[in-house]
Amino acid sequence: MEQRSKWVNKLAILKFNLTPRQRVFKSTIKMVIFIVLPIIIVLLPENFFDKGESICLSKVFFNQECYACGLTRACKHLIHLNYEKAFAYNMGSFIVLPIFSILWISWFFQERKKLKYLVKEIK
């Protein structure tokens, strides 16, 4: 029993018991990331990810493409409305990008709701 409580205490440190102001700051940083990151991705050139070696472990170790190979490049071309290249890199991007966009927007509104609550908590 004593051993378990020691581990529980060590794990409690990882929870980061933050003050309300620190939680507001953390939530604000998340909101900035939710807004700025998509803008940066859209502003990058269309062929930004086309160069370079593959970092896919399946391709590196087994010399075989996985289902996600080319997905980043395909989504980037899809954002720039180049459907042919997107389809050539990975046809799954036509499913993944809309789903991820919906999830991103959902996370944004959840964080916004949390931030409003935290600001009210401080006042």
Only pairs under 3.5 Å count here: list side-chain donor-acceptor contacts from residues 92-103, not counting sequence neighbours, and write none if there are none.
from	atom 1	to	atom 2	distance (Å)
S93	OG	N90	O	2.9
S101	OG	L97	O	2.8

How far apart are the C-alpha atoms of L115 and K30, what are their side-chain angles, what is the distance that settles it, and do they pass the side-chain contact (heavy atoms from CB on, under 4.5 Å) test?
CA-CA 10 Å; L115 183 60; K30 283 183 183 179; over 6 Å; no
Can you tell me how far apart CD (E111) and CD1 (I29) are? Round to the nearest 0.5 Å.
11.0 Å
Donor-acceptor contact present, side-chain K85 to main-chain E46, <3.5 Å:
no
Greater than 12 external heavy atoms within 6.0 Å of F34's CZ:
yes
Please determine whether the number of non-hydrogen atoms from other residues, nucleotides or ligands lying under 6.0 Å from atom CG of L43 exceeds 12.
yes
I122 and L118: side-chain contact (heavy atoms from CB on, under 4.5 Å), yes or no, with the steps?
CA-CA 6 Å; I122 287 179; L118 290 171; 5.9 Å; no
Grouping I, L, V, M, F, W and Y whenever their side-chain heavy atoms are under 4.5 Å apart, do I55 and L57 come out in a common cluster?
no
Validation row: C56, C66 side chains within 4.5 angstrom (heavy atoms)
yes
Which value, rounded to the nearest 0.5 Å, describes the distance between L78 atom CG and F87 atom CZ?
12.0 Å
Is E121 paired with R23 through a side-chain N to carboxylate O contact shorter than 4.0 Å?
yes
Should F108 and I39 be regarded as members of a common hydrophobic cluster, given that ILVMFWY residues are connected when their side-chain heavy atoms come within less than 4.5 Å of each other, either directly or indirectly?
yes
Mind checking whether F109 and V36 sit in one hydrophobic cluster, side chains of I, L, V, M, F, W, Y counted as touching below 4.5 Å?
no
Taking Y89 as the fixed residue, which of D50, L71, T72 is the one that meets the side-chain contact (heavy atoms from CB on, under 4.5 Å) rule?
D50
Find the distance between CE (M31) and CH2 (W107) and round it off to the nearest 0.5 Å.
14.5 Å
Does L37 belong to the same Ile/Leu/Val/Met/Phe/Trp/Tyr cluster as L44, with side-chain heavy atoms less than 4.5 Å apart forming each link?
no
Could you tell me which non-hydrogen atom of A86 sits nearest to which non-hydrogen atom of H77, and how far apart they are?
N-CB, 4.0 Å
Measure the CD1-CZ distance between I41 and F48 for me, rounded to the nearest 0.5 Å.
10.5 Å
Any link between V42 and I105 through a network of hydrophobic side chains (Ile, Leu, Val, Met, Phe, Trp, Tyr) touching at under 4.5 Å?
yes
